[in-house]
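Treat the numbers as computed from the prediction; the structure is a model and nothing was measured.
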Amino acid sequence: MEDIELKKMWDASNKQLEQARILNLQSRALSTKTFESLQKHKAQSKLNGLSTFKNWMIALGIIWVLFLVLLVAGDRFKHLYFSTSIAVIAAFNIYAVAAYIKQVILINQINYESSLVDTQKKLTELQISTINIVRILFLQAPFYTTFYWNTQWMLTDIKFWLITFPISLLLFLASLWLYRNISFKNAGKKWFRLLMGGREWASIIEAKRYLEEIEEFKTNEA
Amino acid sequence: MPPEQDPFIQLIEANKALIFKICNAYCSQPADREDLAQEIILTLWKGRARFRPDHKFSTWLYRVALNVAISYYRKTKRSIPNIPLSDIHAEEAAHLGSMKEEEDKQQLLQQEIGALKEFDKALIILYLEEKSYKEIAEIIGITATNVATKLNRIKEK
């Protein structure tokens, strides 16, 4: 089909849809005439969904960290293993909360006035950066099995060395292995899909695919 | 100042056809188009202070509108091509009556555009809006040569 014909058809089809008043942009523009109403609409924005999940994670993370800090403050290292384990878990969670806050700030700062390729790439890279938070959070797992340790138990009960300690050691090795292996190169593996079945993870894998598409689009020169 | 006299609202008014076309290309449902139009206007409003008058307004508008549209499209993932023209108001449908063949062609064009990937869709919209390769390249962020190559490939399809 000739270019001119294509352009005519494009204009005609859009004009007919416009005439049908499917979208009344005029009223839309006027209904958003004040900044206050725009702010209201912002709160309802579907695009805000990108950071909504992270905002929830931040809120839950802060509550969890406060609880952990209270536990440590209450114990004041009277029980060495308890306080140390909880403090380490708190530290990992503080890192995660801080990383999520940074992501939300960056998402809100993304400039839609840059070129399509640059803006979309930045947005997608931010989404993907969540993988680093998840990897690091796995490292806290063994500390959930050490908070009830005590020196007396270690010295007097053989079951500690036969059961408790091996379980913690196993978890420690597993968390290290996961830290090293949670990456996109393993995204297609069964263990990965079983472990990362959540909503955010699905969107991250989709984001990775999209990022590859952007790169391909950008570099696909004649 | 009455809202109608606000320079920003006037600019939106003057360019509403562009926004409309982008919404139509990226959304299959009328409700989604309304939402997307709102998102675009909101983002334009928020960024209006950063617009430099020595730059071309349409380039700025296209960047913002297409970026928002692509993000929205990815969020909602409603990739079904645009609504068929047969869904428009009965009065317009009656008016179209004898133009069945034209309507079919237009519907086909909208469907073909609707089926394109996010960036290809942006490319073809800008091309159909008769933007120069240079301006398309600026909006999308690739070279003008790449624009030409990609447009040829899309047209071949």
Side-chain angles (χ1 to χ4, degrees), chain A residues 1 3 5-26 28-35 37-39 41-42 44-50 110-121 123-124 203 206-207 210 213-214 217-222, chain B residues 3-4 6 9 12-13 16-17 19-21 23-24 30 33-35 37-39 41-43 45-47 50-51 60 63-64 66-68 70-72 74-76 82-83 85 88-89 92 96 102 105-107 109-110 117-119 122 128 130 138-143 145-146 148-150:
Chain A
M1 196 178 289
D3 281 8
E5 199 185 343
L6 269 177
K7 285 171 184 173
K8 270 185 187 170
M9 274 168 51
W10 167 250
D11 281 337
S13 64
N14 280 303
K15 203 171 179 183
Q16 282 173 7
L17 285 166
E18 190 172 22
Q19 283 169 350
R21 300 181 192 93
I22 288 165
L23 181 68
N24 190 345
L25 274 176
Q26 187 170 9
R28 272 295 177 190
L30 291 172
S31 74
T32 56
K33 62 195 172 191
T34 63
F35 186 69
S37 72
L38 284 165
Q39 287 302 304
H41 286 121
K42 185 175 183 291
Q44 297 162 347
S45 163
K46 274 191 185 172
L47 286 184
N48 283 352
L50 189 62
I110 281 189
N111 183 356
Y112 279 90
E113 292 135 51
S114 301
S115 73
L116 305 192
V117 165
D118 285 350
T119 306
Q120 295 300 317
K121 198 176 161 193
L123 274 170
T124 314
S203 71
E206 167 63 19
Y210 183 52
E213 260 182 42
I214 295 172
F217 183 87
K218 201 176 168 183
T219 56
N220 194 12
E221 295 282 352
Chain B
E4 291 80 5
D6 185 316
I9 298 291
I12 296 288
E13 272 296 298
K16 65 179 180 181
I19 299 173
F20 165 75
K21 287 173 185 175
C23 294
N24 187 39
R33 280 198 285 271
E34 292 261 339
D35 277 355
Q38 191 66 69
E39 294 278 356
I41 294 167
L42 169 65
T43 314
W45 174 271
K46 281 163 63 190
R50 287 190 293 272
F51 171 67
W60 179 75
R63 274 187 169 180
V64 174
L66 286 167
N67 262 320
V68 174
I70 291 172
S71 299
Y72 186 93
R74 291 198 62 232
K75 182 77 194 155
T76 55
N82 309 310
I83 61 158
L85 289 181
I88 65 176
H89 285 191
E92 277 77 22
L96 292 173
E102 278 301 303
K105 279 185 184 174
Q106 289 164 11
Q107 190 174 324
L109 176 67
Q110 291 284 358
K117 285 183 177 177
E118 294 94 321
F119 286 102
L128 291 171
E130 302 191 53
E138 275 177 31
I139 293 167
I140 294 192
I142 54 176
T143 62
T145 320
N146 205 356
T149 312
K150 286 181 188 306

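- In terms of non-hydrogen atom pairs under 4.5 Å with chain B, the most contact-rich of Asp118(A), Val117(A), Asn111(A) is Val117(A).
- Counting non-hydrogen atoms of other residues, nucleotides and ligands closer than 6.0 Å to NZ of Lys7(A) gives a total above 12.
- In this structure, Tyr112(A) and Ile70(B) have side chains that are not in contact, with every pair of non-hydrogen atoms separated by 4.5 Å or more.
- With sequence neighbours excluded, the residues forming a side-chain hydrogen bond (donor to acceptor under 3.5 Å, both in side chains) with Glu213(A) are Arg209(A), listed by chain and number.
- The ring pair (Phe, Tyr, Trp, His ring centres under 6.0 Å) search around Trp60(B) returns Phe51(B), Phe57(B), not counting sequence neighbours.
- Within the model, atoms CH2 of Trp10(A) and NZ of Lys21(B) stand 7.0 Å from one another, a figure rounded to the nearest 0.5 Å.
- Atom CD1 of residue Ile214(A) and atom CZ of residue Phe119(B) lie 4.5 Å apart, to the nearest 0.5 angstrom.
- Nearest heavy atom pair, residue Phe217(A) against residue Ile142(B), reads CE2-CD1, 3.7 Å.
- Only one option out of Lys46(B), Arg63(B), Arg50(B) pairs with Glu113(A) in a salt bridge (charged side-chain N to carboxylate O under 4.0 Å, His left out); it is Arg50(B).
- The structure places OG of Ser114(A) at 7.5 Å from CG of Asn67(B), a figure rounded to the nearest 0.5 Å.
- Side-chain atoms of Ser71(B) and Gln120(A) include a donor-acceptor pair closer than 3.5 Å.
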Fill in: side-chain contact (heavy atoms from CB on, under 4.5 Å) between Leu123(A) and Arg74(B), worked out
CA-CA 11 Å; Leu123(A) 274 170; Arg74(B) 291 198 62 232; over 6 Å; no
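- In this structure, chain B has a heavy atom under 4.5 Å from the side chain of Thr124(A), while its backbone stays farther away.
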